[in-house]
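Side chains are part of it too, since the values below use all heavy atoms of this structure and drop only hydrogens, waters and symmetry mates. When a ligand or atom number is given, it counts from 1 through the structure's own listing order.
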Amino acid sequence: AKDRGRNTYQFYTNDMTEKAYERITLETQLREAIVNREFEVYFQPQVNINDNKIIGMEALVRWNHPQTGLVPPGKFIPLAEDTGLIVEIDRQVMQDAMKQFQKWIDLGLDVGVLSINLSMIQLNHEDFIEFVKTTIKNAKISTDNLMFEVTETQVMKNPKQAIFMLQQLKDIGIRLAIDDFGTGHSSLSYIKRLPIDKLKIDQSFVMDALVDKDDRELTRAIISIANSLNLEVIAEGVETKEQAEFLVKNGCVEAQGYFYYKPLDVLTLTKELTKS
Ligand code: C2E
Ligand code: CA
Ligand code: CA
Ligand code: CA
């Protein structure tokens, strides 16, 4: 038993060392990626379920890793948040996304409103508002075409600070959405006080709405909260026609999901937009 104990211990330390090593490697590579601007913005169109017309697009970052290829955000955003590197990554995403979106507008394409994901770390950065203003000016984009998304969980970590920062974005004319709504335990009284325009129903509810009674009721409840607070509402993770029909029937007309479009690179999406 003593031997086994020692082996377990050894296995544990090796495992920890490897994890720590992986983290350091990833962090080093992330720093290089920032310098070399290896991040690429993909866009996922959002539609009106009734006519399938595009009403907006969400910018989603990908990392074009020189050795391993395209890395999804789930693989590097958590470490980027822990190390604060997310601030610089999100700045590059914001610059590139706004410039590209304005290009589509200049081509006369109906792209609607651009949604950009924010991290609270970035939002708390002292010169954030100045950076946003400068980026908008450089991209020559109108704030009428802009929406920022922040997750319910991040807002609820420090609601007072969040309200203060979000209000400054509202003041310069940017619309705001609460992302992953339904997963962050916010109270109705707080939602009412947030300077927001839109709720995004978390995809875990939408995906199971037709098979799980709880998810179905939660989806319905979020739509009715949005309607009664006069907020727009969009469903994420719509993968089937049946899910879309369920949403419309319950009062949600906006959707985003693989049933309509996957996140696409600029070249593919430009072809798609100019097809008709
Ligand atoms: P999110 O903001 O909730 O974005 C939606 C995610 O759901 C995206 O994953 C999208 O590709 C995926 N998705 C959309 N429709 C469907 C569907 O029908 N089925 C399924 N299975 N998935 C769908 P992605 O691109 O991997 O991004 C993951 C998360 O990473 C995002 O979740 C967001 O929290 C974060 N993220 C992405 N880009 C950025 C960024 O530029 N900055 C920051 N701070 N976070 C970002
Ligand atoms: Ca989002
Ligand atoms: Ca989401
Ligand atoms: Ca479920």
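Inclusion of Ser119 in the set of residues having an N or O under 3.5 Å from an N or O of ligand 1 is not warranted. At a 3.5 angstrom cut-off on N or O pairs, Glu239 counts as close to ligand 1. The shortest N or O to N or O distance between Glu81 and ligand 1 is not below 3.5 Å.
By the neighbour-count criterion of 12 heavy atoms within 6.0 Å, atom CG of Asn36 is densely surrounded, having more than that number from other residues, nucleotides or ligands. Other residues, nucleotides and ligands contribute at most 12 non-hydrogen atoms within 6.0 Å of the CZ atom of Arg23.
Ranking protein heavy atoms by distance to atom 42 (N) of ligand 1, first place goes to Asp90 OD1, 2.7 Å. Nearest to atom 5 (C) of ligand 1 among the protein's heavy atoms is Glu236 OE2, 3.1 Å.
Shortest distance from the Ca ion (ligand 3) to Asp180 is reached at OD1 (N/O/S atoms only). The minimum distance between the Ca ion (ligand 2) and any N, O or S atom of Glu58 involves atom OE2. Take the N/O/S atoms of Asp179: the one nearest the Ca ion (ligand 2) is OD2. When distances from the Ca ion (ligand 3) to the N, O or S atoms of Glu236 are compared, OE1 comes out shortest. Its N, O or S atom nearest to the Ca ion (ligand 2) is what matters here, and for Glu149 that atom is OE1.
By the criterion of a heavy-atom distance under 4.0 Å, the side chain of Asp179, and not its backbone, is placed next to ligand 1. Contacts of Arg62 with ligand 1, taken as heavy-atom pairs under 4.0 Å, involve the side chain alone. Counting heavy atoms closer than 4.0 Å to ligand 1, residue Ile89 contributes nothing at all. Contact annotation for Lys262 and ligand 1: no heavy atom of the residue comes within less than 4.0 Å of the ligand. Contact annotation for Val61 and ligand 1: heavy atoms of both the backbone and the side chain come within less than 4.0 Å of the ligand. If you look at Glu58 next to ligand 1, the close heavy atoms, those under 4.0 Å, all belong to the side chain. Only side-chain heavy atoms of Val93 come within less than 4.0 Å of ligand 1; its backbone N, CA, C and O stay farther off.
The atoms of ligand 1 that sit less than 4.0 Å from any heavy atom of Pro263 are 11 (O). Residue Val238 approaches ligand 1 through these ligand atoms, each under 4.0 Å from one of its heavy atoms: 18 (O). Close approach to Asp180 involves these atoms of ligand 1, each under 4.0 Å from a residue heavy atom: 3 (O). The contact set between ligand 1 and Gly257, taken as ligand atoms under 4.0 Å from a residue heavy atom, comprises 15 (N), 18 (O). The ligand atoms of ligand 1 that sit less than 4.0 angstrom from a heavy atom of Ile77 are 43 (C), 45 (N), 46 (C). For ligand 1, the atoms closer than 4.0 angstrom to any heavy atom of Gly237 are 16 (C), 17 (C), 18 (O). Near Gln44, meaning under 4.0 Å from any of its heavy atoms, are these atoms of ligand 1: 14 (C), 15 (N). Every atom of ligand 1 with a heavy atom of Met207 under 4.0 Å away is listed here by number and element: 19 (N), 20 (C), 21 (N).
No option in Val71, Ile34, Asn64 other than Ile34 meets the side-chain contact (heavy atoms from CB on, under 4.5 Å) test with Phe39.
At least one donor-acceptor pair closer than 3.5 Å links the side chain of Glu152 to the backbone N or O of Gly184. Not one N or O on the side chain of Glu239 forms a donor-acceptor pair closer than 3.5 Å with the backbone of Met207. Between the side chain of Thr68 and the backbone N or O of His65 there is no donor-acceptor pair closer than 3.5 Å.
Between Phe39, Tyr261, Tyr258, Tyr260, it is Tyr258 that holds the heavy atom closest to atom 17 (C) of ligand 1. Residue nearest to atom 6 (C) of ligand 1, selected from Gln203, Gln256, Glu149: Gln203 (by heavy-atom distance). Checking Pro73, Pro72, Ala177 against atom 24 (P) of ligand 1, the nearest heavy atom belongs to Pro73.
A 4.5 Å side-chain heavy-atom check between Asp197 and Lys170 finds at least one atom pair inside the cut-off. In this structure, Ile178 and Val150 have side chains that are in contact, with non-hydrogen atoms separated by less than 4.5 Å. Residues Leu60 and Gln44 meet the side-chain proximity criterion, which asks for heavy atoms closer than 4.5 Å. Residues Met57 and Tyr261 form no side-chain contact, since every pair of their non-hydrogen atoms from C-beta on lies 4.5 Å or further apart.
The existence of a salt bridge linking Arg220 and Glu217 is confirmed by a sub-4.0 Å separation between a basic side-chain nitrogen and an acidic carboxylate oxygen. The pair Glu88-Arg91 fails the salt-bridge criterion, with no side-chain N (NZ, NE, NH1 or NH2) lying under 4.0 Å from an Asp/Glu carboxylate O.
Remark: the Asn124 side chain and the Gln161 side chain contain an N/O donor-acceptor pair separated by less than 3.5 Å.
For Lys262 and Tyr258, the positive end sits near the middle of the six-membered ring, less than 6.0 Å away and at most 45° from its axis.
Residues Ile55 and Leu146 fall into different hydrophobic clusters, defined by Ile, Leu, Val, Met, Phe, Trp and Tyr side chains chained together at heavy-atom separations under 4.5 Å. Residues Ile172 and Val113 do not share a hydrophobic cluster, clusters being chains of Ile/Leu/Val/Met/Phe/Trp/Tyr side chains in contact below 4.5 Å.
Taking a distance limit of 4.0 Å, we find that atom 32 (O) of ligand 1 is approached by no protein heavy atom. Less than 4.0 angstrom separates atom 9 (O) of ligand 1 from none of the non-hydrogen atoms of the protein.
Judged by the shortest distance from any of its heavy atoms, Gly74 lies outside the 4.0 Å radius around the atoms of ligand 1.
A perpendicular orientation is assigned to the rings of Phe76 and Trp63, their planes being inclined by more than 60° (bins at 30° and 60°).
Among the atoms of Asn117, an N, O or S atom falls under 3.0 Å from the Ca ion (ligand 2).
The two residues Asn117 and Ala59 have their closest heavy-atom pair at ND2-O, 3.3 Å.
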